[in-house]
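Some notes on the structure that comes next.
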Amino acid sequence: MARILWVMGWFPLPPDKGVRIRLSQLLDTLAAHHRLTLVVLADPEAEVERYREDLAARCEALFVFRRPEFQPTRWRAIRGFFSSVPRWLVDVEQPEVHARVRQLCQERAFDLILASQLPSAMYVRALEGVPKILDEVESGLFLDQVRMASDPIRRARRAMMWWKYARFMRGLLAAFDACTVVSEKEAQILRRIAPGARVAVIPNGIDLGRYAEVEEIPEPDTLIFTGAPTYWANRDALEFFAEAMWPEIRRRRPGARFFITGRTPEGVALPRPPGWIYTGYVEDVRRWVARAWALAVPLRFGGGTRVKILEAMALGTPVVSTRKGAEGLEFPHPEALIVADTPNGFVREVLALLEDPERRARQSRLVREAVRAYDWRSLGDRYLQLVEDVIGERARVVARH
């Protein structure tokens, strides 16, 4: 069993959103084979005290630090304009985390250092003598911000931000033996930025057994969206759906309802057309999704692999998504995922499901079968192999010298 120091950019429990699902599953996979020391940068939403004991039981040692939110007007963030590091990373970096990581490396001999998400990389990039893996690098979102700029001045400013980010990533990836991404598109972006980087594509997956136990009766004329409106890309998707698609769906199906799960942001206006229901945070989203006739994913921006789609498919709930929303997902049967990029096409596909129970039933069977390609058991084995390869390669180099 190897000893691994793992710096996480999110608190991994409970597995109630995409990033936590990946981290919690990876945690269980690695903890079963290796000895873990965890340094966790807990996000503002994290329920640390509620889940600390559960997390501590999965590792040898646990250290939790609250991760501050990026504040663009804070002095550190302003100073970041003059740094080679993206200023949001400058703003959230914490000296006490650096000190703890250095202390742990002085006290213990680790075989591998793992950093999940970019904020974590800041605390380990300068450490030498131990192989390092950077997990779940996501760059597509930054390119989207350039693409979505509404005027030439803003586009030029964001293009400069992208140039700075790309330059920073080239240097950062040189400090890691390998990095992982969740889709081939993300891998292509990184390979253009840093041609010499070792990039492994290990998609997000789900524990299919956790969803097989859920049995609910689907409710006619119900749609669901499981992305929290606290995330700007999800808010954009909701506004797009409300303006361009929902009026026609509601006209054709006057009783249609649309459920939006997840925490709602304070002080932010959200679209609230007739039939929309914001549930707020729900402890277990699986039953909500299983009761819905279909999952709607009208995303126009963002990156990564949509765990929300995999969850719906595992529950037998058909999915209608934009191409961006389904980015990174590939299935043996392409028709398992209904993709529509235009508002008219999206509405047509949604109505086809709402108006035809037999079609919905056929699609339900198809998605349950297709999602088997994303069973975490096989994906976790691929991650374990990467970890063992990186450790073994460094050991052989040391032995030769």
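Under the 3.5 Å distance criterion, the side-chain polar atoms of R235 are matched with a main-chain donor or acceptor of T230. With hydrogens and angles ignored, the 3.5 Å screen pairs a side-chain donor or acceptor of R87 with a backbone N or O of P72. Judged by distance alone, with hydrogens and angles left aside, the side-chain atoms of W246 form a donor-acceptor pair with the main-chain N or O of P274 at under 3.5 Å. Formation of a donor-acceptor pair under 3.5 Å by the T261 side chain with backbone atoms of T279 is not found in this model.
Checked against a 6.0 Å centroid threshold, the rings of F241 and F258 count as neighbours.
Side-chain N/O atoms of S116 and W6 include a donor and acceptor closer than 3.5 Å. Using modelled atom types, one finds a donor on one side chain and an acceptor on the other under 3.5 Å when comparing Q385 with D389. A donor and an acceptor atom, one from each side chain of Q363 and R360, are nowhere located under 3.5 Å apart. Side chain to side chain, T29 and W376 meet the donor-acceptor criterion of an N or O pair below 3.5 Å.
With contacts defined as side-chain heavy-atom distances shorter than 4.5 Å, the pair P218/T317 does not qualify. A heavy-atom distance below 4.5 Å is not found between the side chains of R252 and L354. Put simply, the side chain of E136 reaches to within 4.5 Å of the side chain of V19, judged on heavy atoms. You'll find the side chain of R382 stays beyond 4.5 Å of the side chain of T180, heavy atoms only. Looking at heavy atoms from C-beta onward, L5 lies out of side-chain contact with R108 at the 4.5 angstrom threshold. I21 is listed as a side-chain neighbour of E311, based on a closest heavy-atom distance under 4.5 Å. The shortest distance between side-chain heavy atoms of M313 and F331 falls below 4.5 Å.
Minimum heavy-atom separation, I193 to R170: O-CG, 2.7 Å.
Salt-bridge check for D43 with K17: failed, with every basic side-chain N at 4.0 Å or more from each acidic carboxylate O. A salt bridge is absent between E138 and R22; no separation between the charged side-chain nitrogens and carboxylate oxygens falls under 4.0 Å. Salt bridge annotation for E93-R76: absent, with no cationic side-chain nitrogen under 4.0 angstrom from a carboxylate oxygen.
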